[in-house]
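When reading the values below, keep in mind they use all heavy atoms of this one structure, side chains included, and skip hydrogens, waters and symmetry mates.
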Protein chains: 2
Amino acid sequence: MPELPEIAVLARDMDRDLARREIAAVEVLQPKCLNVPPAEFESRLKGASITRVHAHGKWLKLETSRTWLFINLGMGGEVLLVDRTRLPEHWRLAFDLSDGACLVVNFWWFGYVHVSPDPADHPMVGRLGPHAIDVTLPQFEALLRGRRGSIKAFLLDQGNIAGIGNVYVQDPLFMARLHPLRGIATLSSEEIAALWHALRTTLQQSIDLGGAAFEVNLHGEHGRWGREHFLVAYREGKPCPVCATPLEKIRTGSTAGYICPACQRLPA
Amino acid sequence: MPELPEIAVLARDMDRDLARREIAAVEVLQPKCLNVPPAEFESRLKGASITRVHAHGKWLKLETSRTWLFINLGMGGEVLLVDRTRLPEHWRLAFDLSDGACLVVNFWWFGYVHVSPDPADHPMVGRLGPHAIDVTLPQFEALLRGRRGSIKAFLLDQGNIAGIGNVYVQDPLFMARLHPLRGIATLSSEEIAALWHALRTTLQQSIDLGGAAFEVNLHGEHGRWGREHFLVAYREGKPCPVCATPLEKIRTGSTAGYICPACQRLPA
DNA sequence: CGGTTCAACAACGA
DNA sequence: CTCGTTGTTGAACC
């Protein structure tokens, strides 16, 4: 579930708190999440020092003195900076830092912790679209021009634009008064602009509040972007904040969509 | 039907005949083939002068003083340079040049005429694999290594290698003695080399003959690569040119395949 | 007739 | 929709 805001907050804090610290040891409980054998993973990272930490969509990209390290938390999980003596109960992988702290990674189901010499060469990171919140309006319009299919499916495809998941897609579509299944080809420039503004607003608001309340940051603290900020997401049955029509939960492809049936109409 | 050879011939002639000529006006009969509203399309191109014309796979790329213009003729069509007073009967879009000539685009079903600031930003052109006839043997081998699925599906995917369609894929597979459904992973280096040679030979022969006989060039003249050059393509029931076994038409995914069942065997 | 492209969906696997 | 890959179908409409 961590999407762009949570990853952005994590990356910012990791960049500030981890820069120039050295990885003294690596312990892997779940080798399946790696892209190389555990022994090679360890040898590539042991002794490396963390240079910078970046966010790209839902991915964390750690630049080290020896290699790039990419982390994707999959359907949900945490990256925590703890004391070596206070490891959390569940974890998949831990990096001991030379000063006694420990960077612990956990996730519920599948997640990735990959090493790579270069982001462009990585089969997943290399194919990401631009980091959603960095996209300019002209860029956004160019990305959409000539595409077919629904606007929601487009936004969720990380190859088009990176960082938006099913949580953060709902309210921007409502703010732009767009039904999730609206065909991209039918969008006017005004609608595209409204959607772009709404996406930025929503993502930035969550970043400013430290991310979603149901996720935790590097120090285990919950974000402050809670359900009270949601306009339509996960509010089926409640009144639309604009017109009071009861909100609906619909199926949009294989995912759930939350809409106001009056404000977000699908042209016949 | 225009595939790499026809597009290469068109691009060469357009580059020679259109360079430095100015687009004075644009007329659009079918707005659906555009990626921007017609008014914007016109304003982006009116007054632009054509700088260079390139071929990339099945796409024509026109570099102008103001924007890029990408043309894909889909399942068949023409780009003709005519006198303004002699417009053909069917056309989708016409560019009036300032000297009185007219560049007319037509296609049977679906085609694209798109503007874009940069080929890399265009959702289709930006994802094309390398122009098929420019691919070297080592490159070809590298493209195939590690891929799964059938060799025919790979060759037809414009993201892997650009320019090969269902017409030009048939004879090279026969020449390399490969069944269209052969798994890529089972191909030997010798088979890959034979396929690469056969592809180049077939594409280059057609280019040298001005493209397929059922297509026309910029001046409405038919190519000279006709059915008499086909080895197995569209020749079901006729004897194999190598072993005289009757050729077969088979289904390969959603497309038709033409094979010699004796020369192109599928290993059990 | 065919031939094109992308999108949607399923199934599977990590 | 955590992410890929593969294959299939369907839809674009003179």
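Between the P atom of C:dT5 and the NE2 atom of B:His122 lies a distance of 13 Å, rounded to the nearest Å. Taking atom CD of residue B:Glu6 and atom C1' of nucleotide C:dG3, one finds them 12 Å apart after rounding to whole Å. The NZ-P distance, from B:Lys249 to C:dG2, rounds to 6 Å in whole Å. Between the CZ atom of B:Arg147 and the C1' atom of D:dG7 there is a distance of 14 Å, rounded to whole Å. If you measure from atom CG of B:Leu128 to atom P of C:dT4, you get 14 Å, rounded to the nearest angstrom. Rounded to whole Å, the distance from CG on B:Leu156 to C1' on C:dC6 is 15 Å. As rounded to whole Å, 9 Å separates atom C1' of C:dG3 from atom CZ of B:Phe214. Distance, B:Ile71 CD1 to C:dT4 P: 18 Å, rounded to whole Å.
Within the 4.0 angstrom heavy-atom criterion, base atoms lie near A:Tyr112. The residue A:Gly253 sits close only to the backbone: its heavy atoms come under 4.0 Å of sugar-phosphate atoms, none of a base.
A salt bridge does not link A:Glu6 to A:Lys58: none of the charged nitrogens lies less than 4.0 Å from a carboxylate oxygen.
Nucleotides C:dA8 and D:dC1 have their P atoms positioned 15 Å apart, rounded to a whole Å. One C1' atom belongs to D:dC14, the other to C:dA7, and the distance between them is 23 Å to the nearest Å.
If you check C:dT4, D:dC14, C:dT5 against the side chain of B:Met124, the one that comes closest is C:dT5. Closest to the side chain of B:Ala256, from the set D:dT5, C:dC6, C:dG3, is C:dG3. Candidate nucleotides D:dC3, D:dA12, D:dC1 were compared by shortest atom distance to the side chain of A:Asn166, and D:dC1 ranks first. Nearest to the side-chain atoms of A:Met75 among the listed nucleotides D:dT2, D:dT9, D:dG7 stands D:dT2. Closest approach to the B:Lys58 side chain among C:dG3, C:dA8, C:dT4 is made by C:dT4 (side chain taken as heavy atoms from C-beta onward). In the set D:dC14, D:dC1, C:dT5, D:dC1 carries the atom at the smallest distance from any side-chain atom of A:Thr255. Side-chain proximity of B:Gln30 to the nucleotides D:dC14, D:dC3, D:dG7 is greatest for D:dC14. Counting only heavy atoms from C-beta on, B:Arg148 has its side chain closest to D:dT5 among C:dT5, D:dT5, C:dG3.
For the ring-ring contact (aromatic ring centres under 6.0 Å, His included) with B:Phe230, the qualifying choice from B:Tyr258, B:Tyr168, B:Trp225 is B:Trp225, the only one to do so.
Side-chain contact between B:Gln170 and B:Ile259 is absent, with no heavy-atom pair separated by less than 4.5 Å. Between A:Ile151 and A:Leu195 the shortest side-chain heavy-atom distance falls below 4.5 Å. Here the side chains of B:Ser116 and B:Val125 are not in contact, with every heavy-atom distance at 4.5 Å or above. In this structure, A:Leu34 and A:Leu93 have side chains that are in contact, with non-hydrogen atoms separated by less than 4.5 Å.
Put simply, B:Tyr234 has a side-chain N or O that comes within less than 4.0 Å of OP1 or OP2 on C:dG3. For A:Gln158 and D:dC1, the shortest distance from a side-chain N or O to OP1 or OP2 is not below 4.0 Å.
Separation of atoms CG (A:Leu143) and CD (A:Gln139) is listed at 6.5 Å; rounding is to 0.5 Å.
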### Query
Under the side-chain hydrogen bond (donor to acceptor under 3.5 Å, both in side chains) criterion, do B:Asn35 and A:Arg147 qualify, and how do the steps go?
CA-CA 8 Å; B:Asn35 63 335; A:Arg147 304 304 297 271; over 6 Å; no
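Counting all heavy atoms, side chain and backbone alike, B:Asn166 lies closest to B:Glu3 at N-OE2, 3.4 Å.
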#### Entry: 5'-to-3' dot-bracket of DNA chain C (Watson-Crick, G-U; under 3.5 angstrom; crossing pairs as [ ]; | other strand)
...|||||||||||
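Between A:Ser254 and B:Gly149, it is A:Ser254 whose nearest contact on DNA chain D lies nearer the 5' terminus. Nearest-nucleotide positions on DNA chain C place B:Trp109 closer to the 5' end than the other of B:Trp109 and B:Arg127.
Taking the 5.5 Å centre cut-off and the 30° plane limit, the aromatic side chain of A:Phe110 is classed as stacked on C:dA14.
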